[in-house]
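Below is one structure; the comments refer to it alone.
Quick note: residue numbers are just sequence positions, from 1. If you're wondering where the values come from, they're calculated on a predicted model, not measured in any experiment. Both ligands and their constituent atoms are indexed starting at 1 by order of listing.
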Amino acid sequence: MDTLDTITGERLYLARIPDEEKYYKRYMELLNAKHVLTGTGNEPHTLEEVREVIAEWRKDEGNMTWGIFRKSDDTMIGDVCLRYGYEDYDNGGPEVAIMIGEAKSGYGSEAMKMLLDYVFEEKQKLFGKQISIINLGLYKENAGALRLYGKLGFEEVMERPNIDNGKVEIVMQMTRQMWNSLKNK
Ligand SMILES: CC(C)(COP(=O)(O)OP(=O)(O)OC[C@H]1O[C@@H](n2cnc3c(N)ncnc32)[C@H](O)[C@@H]1OP(=O)(O)O)[C@@H](O)C(=O)NCCC(=O)NCCS
């Protein structure tokens, strides 16, 4: 999707990644950080791939990808997205994914809370409708992501082997109702 709201929090803001070479380079650097490659199981990305993938997201009405920026110095430190079309979850909800280029910074939790507040705002409509559930998939061995999502209150609904590499994947979900009761605690 080409137009995105900017979402502002305490230390961070989520915003469209600018169409500038320096942001593509920075994004490549973040995607290729060691703990990110380990967590996602991805191969390193080239600059050309980064340009292409960002251009694809702009055209895709089922994809909302924000850069995560630190307020203090406007540095991009990661990304967070809501998307359809990668995995099928059979419940009408999009998938969420997050990446932070610095490990254990506390930014992952903050950015994900900002996104959940935004998605489940009372009158919010995304992808043309009110979202009542969001889904995610991660590798069981991805300790950082498992801790982050578990801590925020995502519920594990299924484990399954990945058909390509045999690693165990965990599927987690968060509903509007769950988030509303969790965030008020
Ligand atoms: C998962 C990820 C987003 C977490 O970001 P982060 O900024 O480190 O998150 P936080 O600092 O808010 O950490 C959240 C919790 O996880 C813990 N944690 C983070 N990384 C960890 C790791 N590698 N091993 C164990 N615990 C970890 C933190 O200590 C914290 O727990 P605590 O509050 O009890 O101390 C980041 O590591 C990342 O981008 N990983 C690669 C991409 C990825 O796997 N994305 C998720 C799949 S969609």
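Contact of the Lys183 side chain with the Asp117 side chain is registered, since non-hydrogen atoms from C-beta on lie closer than 4.5 Å. A 4.5 Å side-chain heavy-atom check between Tyr118 and Trp66 finds at least one atom pair inside the cut-off. The shortest side-chain heavy-atom distance between Met172 and Val157 does not fall under the 4.5 Å cut-off. Within the 4.5 Å cutoff, the side chain of Leu82 has heavy atoms near those of the Leu126 side chain.
By the criterion of a heavy-atom distance under 4.0 Å, neither the backbone nor the side chain of Glu110 is placed next to ligand 1. Only the side chain of Tyr149 comes within 4.0 Å of ligand 1, judged by heavy-atom distances.
In terms of protein heavy-atom proximity, atom 41 (C) of ligand 1 is closest to Val36 CA, 3.6 Å. With hydrogens left out, the protein atom closest to atom 39 (O) of ligand 1 is Ile100 N, 2.7 Å, a heavy atom. The shortest contact between atom 21 (C) of ligand 1 and any protein heavy atom is with Gly144 CA, 3.2 Å. Protein heavy atom closest to atom 25 (C) of ligand 1, with residue, atom name and distance, is Ala143 CB, 4.0 Å. Protein heavy atom closest to atom 29 (O) of ligand 1, with residue, atom name and distance, is Lys104 CD, 4.2 Å. For atom 33 (O) of ligand 1, the closest non-hydrogen atom on the protein side is Lys151 NZ, 2.7 Å. Counting only heavy atoms of the protein, atom 14 (C) of ligand 1 lies nearest to Ser109 OG, 3.5 Å.
Ion pairing between Glu21 and Arg26 fails under the 4.0 Å rule for side-chain N and carboxylate O. A salt bridge does not link Lys71 with Glu10: none of the charged nitrogens is closer than 4.0 Å to a carboxylate oxygen. One finds no salt bridge joining Lys59 and Asp2 here, because no Lys/Arg side-chain nitrogen approaches an Asp/Glu carboxylate oxygen to under 4.0 Å.
Any N or O atom pair closer than 3.5 Å counts here, and Gly108 shares at least one such pair with ligand 1. For a threshold of 3.5 Å applied to N or O pairs, the pair formed by Gly106 and ligand 1 contains at least one separation below that value. Taking only nitrogen or oxygen atoms, main chain and side chain alike, Ala103 does not reach within less than 3.5 Å of ligand 1.
By the 30° and 60° cut-offs, the orientation of the rings of Phe69 relative to Tyr13 is parallel.
Side chain of Glu110 to main chain of Arg11: a donor-acceptor pair is present (N/O by atom type, distance under 3.5 Å, no hydrogens or angles). A donor-acceptor pair is defined here as one N or O able to donate and one able to accept, closer than 3.5 Å; no such pair exists between the side chain of Glu169 and the backbone of Met158. With hydrogens and angles ignored, the 3.5 Å screen pairs a side-chain donor or acceptor of Asn32 with a backbone N or O of His45.
At least one heavy atom of Asn142 sits less than 4.0 Å from an atom of ligand 1.
With Thr40, Leu148, Leu37, Ile68 as candidates, the residue nearest to atom 4 (C) of ligand 1 on a non-hydrogen basis is Leu148. With atom 40 (N) of ligand 1 as the reference point, the heavy atom nearest to it among Lys34, Arg147, His35 is part of His35. Summarising the contacts of atom 46 (C) of ligand 1 with Ile98, Leu138, Asn42, the nearest heavy atom is found in Ile98.
Listed by number with element, the atoms of ligand 1 under 4.0 Å from a non-hydrogen atom of Ala145 are 1 (C), 46 (C).
Shown here, atom 31 (O) of ligand 1 is in close reach of the protein: a heavy atom of it lies under 4.0 Å off.
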